[in-house]
Amino acid sequence: MILILGGTSLAHRLALALGDQDVLVSLAGVTEDAPQRPYRQRRGGFGGAEGLAQFLKVTGATALIDATHPFAAQMSRNAVVAAAQAGTPLLRLCPAPWTAFPDGWISVASLKAAASSLPAGARVLLTVGRNSLGPFTGRRDCWFLSRGVAAAPEIIPRGTYLQARPPFTAASESELMQTHRITHLVAKNAGGVPMRTKLDAARDLGIPIIMVERPELPVVDTRDSIEEVLAWLRSKKALA
Ligand code: NAP
């Protein structure tokens, strides 16, 4: 069995590409309305690195693919420890980070720094995800269009919440920004092609981007395409 740590579109695409294989995709279980998928899924934490190591041993997993979001740092750290403990080959599937535009791109190290960097009166498209809104709730002098895949949390930053599932086109992102008279975009540096449409739209409209850069993670073997993961799995004799 190949265990894929998911919660991302890349994990979904990898599971589809492995259609005829014994695959299990693991989700944290944070979204209640996760769509039905044509592959096996499990939901909920493992109980730390120890729990994941145990899971790998009990299920006899032949490979562990960490395809979580680049900001899911705890899960990725646990994967490194657990794979070493269980002796399971580990690969991270992760797109390269986006590179900065020459103008209108402010890199910050944390969500808190992103919140502090906004000028008073800013109208912000906030695309950091529903679980990362906390640091922005104190900015009562700004207005936020907070966007997330799941339903709105109880407390949101001043403004409104939009529940929407990607992908989004550059044209629809541009329309959204213009409709809400957005002056700033805040994003996590997730990387990847599908999600960069908001960056292109912001650049074309001259809207500054406040980019939260990725957390530091242990260095592990990493690929950024499905094809490369399939080749790696073949090299590890993990494919039937
Ligand atoms: P996190 O802080 O790194 O993980 C916290 C805990 O949640 C982990 O220790 C683990 O619990 C559990 N967990 C996380 N991902 C899991 C998975 N795929 N399968 C089973 N358990 C998982 O993670 P997060 O940032 O809250 O992200 C949660 C999920 O949302 C991840 O699957 C991630 O890919 C997805 N996601 C995150 C972001 C983001 O910005 N962080 C954006 C888009 C999607 P135990 O220790 O009990 O095993």
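Note: hydrogens, waters and symmetry copies are ignored here, and every other heavy atom, side chains too, is used. Model, not experiment: these values are computed from the prediction. Both ligands and their constituent atoms are indexed starting at 1 by order of listing.
- Cation-pi geometry between R165 and F168 is not satisfied (NZ or CZ under 6.0 Å from the ring centre, within 45° of the ring normal).
- Applying the side-chain hydrogen bond (donor to acceptor under 3.5 Å, both in side chains) rule to pairs touching residues 96-110 yields W105-S107, S107-E213, sequence neighbours excluded.
- A distance limit of 4.0 angstrom between heavy atoms and ligand 1 selects the residues G6, G7, T8, S26, L27, A28, R42, G44, G45, F46, G47, G48, T68, H69, F71, A72, A73, Q74, M75, N78, K188.
- Under the 30°/60° scheme for interplanar angles, the aromatic rings of H180 and W143 are found to lie parallel.
- Within the structure, salt bridge (charged side-chain N to carboxylate O under 4.0 Å, His left out) pairs that include any residue of residues 224-240 do not occur (at least two apart or interchain).
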Check residues 77-85 and write down every donor-acceptor pair under 3.5 Å in which the side-chain atom is one partner and the other belongs to a residue at least two apart or another chain.
from, atom 1, to, atom 2, distance (Å)
R77, NH2, E216, O, 2.9
N78, OD1, Q74, NE2, 2.9
Q85, NE2, E50, OE2, 3.2

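- Contact check for T127 versus K198: side-chain heavy atoms found under the 4.5 Å cut-off.
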